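As structure tokens, the structure follows; a few thoughts come after it.
Letters A, B, ... are given to chains in the order of the sequence lines, protein chains preceding strands, and every chain is numbered from 1. Nothing here was measured: the structure is a model prediction, and the numbers come from that model.
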Amino acid sequence: MRDTAQAADLLSWYDQHARALPWRVPPAESRAGHRPDPYHIWMSEVMLQQTTVAAVKEYFTRFTTLWPTVQDLAAADDARVMGEWAGLGYYARARNLLKCARVVVAEHNGQFPDNREALLKLPGIGPYTAAAIASIAFNRAETVVDGNVERVMARLFDIHTPLPAAKPELTEKAALMTPGDRPGDYAQAVMDLGATICSPRSPACGICPWVAPCAARAAGTAAELPKKTPKKPKPTRVGVAYIARRADGAFLLETRPDKGLLGGMLCWPGSDWAEEVPEHSPPVEADWRDPGAEALHTFTHFHLRLAIRVADLPRGSNPERGQFLPPEQFRPSDLPTVMRKAFDLARASFVDMS
DNA sequence: AAGTCGGGGGA
DNA sequence: TCCCCAGACTT
């Protein structure tokens, strides 16, 4: 039942068209038996969860430069790692990244497990990432099922069941296609195919190595697959953020609790976010002014209109919330995007800031 | 099974 | 605008 001929067709396409990526071992070297650093594969795969290759590249280079080994990362300061992750989103990934690095060092002698089952036990590693590390880093015949693979399989077999209900069936088909030879290259090949040729809107069937066996191509349904169950509309929430600067240039900031939205991230103190601005008081008594602009931002499941208040504080100021960060310890790039937007709008209100 | 959790780029 | 992206985790 397993189809090795089609896998071979895809692999020869990959040998010619594999994208050069910072974490990737090119197919020529892979065929020669050279394996990538499991630490690099793990790092890239976690960053790539629901995130585009283009967005990940810079972060991957930065992280692996700052922390070249899993031991380096395990020893890193939490706030530093969260700050470097700022802007990439899904911040639970960064918290789990650190947890996972520390487990690998403490319980696995600094070596990533080489099989799917053991990898699955690690924080932040789910079915996809476990299969990706096992196949790509250790060349095990595990099947990766990401958004690309779901789309490719739905088309290859002309499956009209909507996602996520179709996931088990698509996973089964993907497993049947996975070869015993070069499974790591095959995993990357099938994802490259989905990313470059079997694209969501207008698939380039004319140059697809799998055009012959593709059932959706024959049926003329490729562009409308995979079907997905409709998603809910996003409500709008509102809130207020308070940006205060002390006379010595220190800003009043706080670190969010690990759980929930923007967990563990450096943020401006403020109200909760709801349909109406919740009852609240500013983090410190001050002459708050309104810069007259709101930060507009869209999260996964709601839109946010974040009003801003700005104040200059005297040296002896005693806030009820947050802590002062001196200017040499405050990098705006450590803020999640919505908070950086708010800061950019507030800058103009501090007359002596550019 | 459904909800939570970011952000950006392309159509 | 809307959709998508090398998903994981919680409820």
* Asked: With distance as the sole criterion, do the side chain of A/Thr337 and the base of B/dG6 form a donor-acceptor contact below 3.5 Å?
  -> no

* Structure fact -> Between A/Met191 and A/Pro123, the residue closer to the 5' end of DNA chain C by nearest nucleotide is A/Met191

* Is A/Arg289 salt-bridged to A/Asp312, going by a charged N under 4.0 Å from an acidic O? -> yes

* Are OP1 or OP2 of C/dC5 and a side-chain N or O of A/Arg151 less than 4.0 angstrom apart? -> yes

* Could you go through the ring pair (Phe, Tyr, Trp, His ring centres under 6.0 Å) check for A/Trp273 and A/Phe299 one step at a time? => CA-CA 12 Å; A/Trp273 305 335; A/Phe299 291 98; 5.7 Å; yes

* To do: Please determine if a side-chain N or O atom of A/Tyr90 lies less than 4.0 Å away from the OP1 or OP2 oxygen of C/dC9.
  => no

* **Watson-Crick or G-U wobble mate for B/dG6, both contacts under 3.5 Å** => none

* **Shortest side-chain distance from A/Thr300, nucleotide among C/dA6, B/dC5, C/dC5** => B/dC5

* To do: Report which part of the nucleic acid A/Thr129 touches: base, sugar-phosphate, or nothing (heavy-atom distance under 4.0 Å, all strands).
  => sugar-phosphate

* Asked: Should A/Asp192 and A/Arg24 count as an ion pair when the cut-off is N to O under 4.0 Å?
  -> yes

* Verdict with supporting geometry, A/Asp146 and A/Arg151, salt bridge (Lys or Arg N to Asp or Glu O under 4.0 Å) -> CA-CA 9 Å; A/Asp146 71 332; A/Arg151 184 170 57 255; over 6 Å; no

* To do: Among C/dA8, C/dA6, C/dC5, find the nucleotide with the atom closest to the side chain of A/Asp146.
  => C/dA6

* To do: Determine the interatomic distance between P on C/dA6 and the same-named atom on B/dC5; round to the nearest Å.
  => 23 Å

* To do: For this output row, return yes or no: ring centroids of A/Phe330 and A/Phe343 closer than 6.0 angstrom.
  => yes

* **Of A/Glu45 and A/Leu122, the one whose closest DNA chain C nucleotide lies more 5'** => A/Glu45

* Which part of the nucleic acid does A/Gly194 contact within heavy-atom distance under 4.0 Å: base, sugar-phosphate only, or nothing? -> nothing

* State which of C/dA6, B/dG8, B/dG7 makes the closest approach to the side chain of A/Arg340. => B/dG8

* To do: Scan A/Gly263 against the nucleic acid and name what it touches under 4.0 Å (heavy atoms): base, sugar-phosphate only, or nothing.
  => nothing

* **Candidates C/dC5, C/dC4, B/dC5 - which lies nearest the side chain of A/His301** => B/dC5

* Tell me what A/Leu21 touches on the nucleic acid: a base, only sugar-phosphate, or nothing, going by heavy atoms under 4.0 Å. => base

* **Any donor-acceptor N/O pair under 3.5 Å between C/dA6 base and A/Arg93 side chain** => no

* Is a donor-acceptor contact shorter than 3.5 angstrom present between the side chain of A/Tyr128 and the base of C/dG7? -> no

* Asked: Of the candidate nucleotides C/dC3, C/dC5, B/dG6, which contains the atom at the shortest distance from the side chain of A/Lys231?
  -> C/dC3

* Describe the nucleic acid contact of A/Leu262 in one word from base, sugar-phosphate, nothing, applying a heavy-atom distance below 4.0 Å. => sugar-phosphate

* Rounded P spacing from C/dT11 to B/dG6 in Å -> 16 Å

* To do: List the steps, then state whether ring pair (Phe, Tyr, Trp, His ring centres under 6.0 Å) holds for A/Tyr242 with A/Trp268.
  => CA-CA 6 Å; A/Tyr242 293 88; A/Trp268 304 112; over 10 Å; no

* Asked: Can a donor-acceptor pair under 3.5 Å be found between the side-chain atoms of A/Thr51 and the base atoms of B/dG6?
  -> yes

* Of all the choices, B/dG3, C/dC9, C/dC4, which nucleotide is nearest to the side chain of A/Asn96 once you look at every atom? -> C/dC9

* Phosphate-side-chain proximity, A/Gln49 and C/dG7, N/O vs OP1/OP2 below 4.0 Å -> no

* To do: Please determine, for the side chain of A/Phe299, which listed nucleotide (B/dG3, C/dC4, B/dG7) has the closest atom?
  => B/dG7

